[in-house]
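Heads up, the thing below is written out as structure tokens.
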Amino acid sequence: MTAPFEPGLPLATDYEAVIGLECHVQLLTLSKAFTGASAAFGGAPNSHVDPYTLGLPGSLPVLNRRAVEFALRMGLATGCTLRKKSRFARKHYFYPDLPKGYQISQYDEPLCEGGHIEFLRHGEPHRVRLTRIHMEEDAGKNLHVSGAGTSLLDYNRAGVPLIEIVSEPDLRSAEEAAEYLRAVRQLVRYLGISDGNMEEGSLRCDANVSVRPRGQREYGTRTELKNINSFKYVQKAIEHEIRRQIELLRSGGTVVLETRGWDAERGTSRSQRKKEQAHDYRYFPDPDLPPLVIDDAWLAEVRQTLPETPMRRYERYLGQGLSPYDAVLLTSERELSDYFDEVFRSGGDAKLAANWIGSELLGALYKDGKGIAASPVSAPRLAELLGLIEKGAISGKIGKEVFGKMYATFASAPEIVQAEGLTQVTDAGAIEAVCQRIVEGHPRQGDLYRAGNQKIIGFFIGQVMKETGGRAKPELVNQVLRRLLGGTS
Ligand code: ADP
Ligand code: MG
């Protein structure tokens, strides 16, 4: 006997979810996959079109070399087996967003097979296997005008290059699926092949979801969830589908193989088409395109453009003495990670650099709604500031003040320290003179100190700091004050 399903309860433990994702990633090329029209996002409707985009008779495809290189970058970064000779196929279906009547895709000879996406799960490196990555072209956009009885068509997106990344059914929870998707986005952004923007549609994902009784080896029947077009909803949409299937099975029903559309507004999904009605795409090799051949020289050239992956960076940062927290933060975006590397290369202490970037710099940028690329303090300049702190020329506290001024005025740390006379006073004689004056000026507090009130030392330090504009070296002040206070009894 199983308990009746109640929405809101933790997901049942007698069933296990099995999830595989198909991600479409729009490549950041200037022109389209098989023609010279602009591949830029947006633009006035139907302004990025040409005879080939519109499927006019007599127009022929020419493969975009850059699109292939971007696909190869992804294949190399995920450890795929790359096919030296792959082929493009026509996938036929009839819909107004597809002017040619077929989409060019890859079918039985994809460019990449195998490999994996790697990410941190509960703080540990974790791998999800990929089935394949293939190249294809995007379709146009339909705009259904509600109430008007018409649909508008914009072919700007038609023919924009995509890669489709298909995972094995390795994911076991909605949370894990969301983490996987984040890792895909992070990686394509690191590789510079896509902006991975789900809201603008440059990263789209379909989730294949099934459930099975825990302990069962065979997979259950899956549904394919489409239209998850925001990062915010990935986890929610998949969780909802897992619950729906468990509830169905518990009440004696069966899951049917179907495509379901996620409705973010209602927080629910509905059936779009059953797989029995699945299209026959009549795939066949595109006769207008020769096989795509990747020779070793080309592959070596592409390999040269590969950056270190986020996971390798994460591991390197741990090796440089950073905490897992700092390493995750700094590797979240490639620009941020590059910034840190540049500060570190200028000879700074890794931990100090991470702290300053994580608190002062990101704090200031966040307040301004700016990204790291727009930072008014460049990496070499931050390194220069940290250098002054490390060699004791200024204290950490003054450093923060200097940083604030660097951020606001674009001036360098030495310039500010010089102009404002902020150099730390380390001259024992000068500090002694100030301490002497302060001790003599406050005999009553001195008595309290000698009577055993150790805490009152803070008062004296505060006075000395006030007098020196915060520039006196605190350790030295403390030492001198204790000697003077103790010695006058
Ligand atoms: P299709 O071509 O119909 O989309 P595929 O066999 O290519 O079907 O599988 C697509 C995706 O579905 C892959 O990501 C795969 O991991 C996933 N998948 C396959 N079977 C299941 C299952 N039983 N439960 C969940 N996901 C599955
Ligand atoms: Mg599919």
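This is a predicted model, so every value here is computed, not measured. Positions are given from 1, in the same order as the sequence printed here. Both counts, for ligands and for their atoms, begin at 1 and track the order of listing.
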Residue part near ligand 1, for Glu22, under 4.0 Å between non-hydrogen atoms: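 Only the side chain of Glu22 comes within reach of ligand 1.
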Proximity to ligand 1 by part of Thr131, non-hydrogen separation under 4.0 Å: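 Neither part.
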Distance-only N or O hit between ligand 1 and Val166, under 3.5 Å: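 The answer is no, given that Val166 and ligand 1 share no N or O pair closer than 3.5 Å.
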Polar contact flag for Tyr219 and ligand 1 (N/O pairs, less than 3.5 Å):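 Min N/O separation from ligand 1 is not below 3.5 Å for Tyr219.
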For [X], counting its heavy atoms only, list the atoms of ligand 1 lying under 4.0 Å from any of them.
{"X": "Val18", "value": "24 (N), 25 (C)"}
{"X": "Glu168", "value": "16 (O)"}
{"X": "Pro169", "value": "16 (O), 26 (N), 27 (C)"}

Centroid separation Tyr317 to Phe340 less than 6.0 Å: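 For Tyr317 and Phe340, the ring centres are under 6.0 Å apart.
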Within 45° cone of Phe231 ring axis and under 6.0 Å: Arg185 NZ or CZ: yes
From Ser167, Cys23, Gly220 - option closest to atom 23 (N) of ligand 1 by heavy atom: Gly220
Candidate with minimal heavy-atom separation from atom 8 (O) of ligand 1, of Arg129, Arg222, Glu224: Arg222
Ser337 side chain to Arg313 side chain, donor-acceptor N/O pair below 3.5 angstrom: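 There is such a pair (donor and acceptor under 3.5 Å, judged by atom type) between the side chains of Ser337 and Arg313.
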Test item: Arg189 side-chain N/O and Asp195 main-chain N/O as donor-acceptor pair under 3.5 Å: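 Answer holds: yes.
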Closest non-hydrogen atom pair between Arg83 and Ile294, with its separation: O-CG1, 3.9 Å
Considering all heavy atoms, the nearest Asn46-Asp154 contact: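 Closest approach of Asn46 to Asp154: N-OD1, 3.0 Å.
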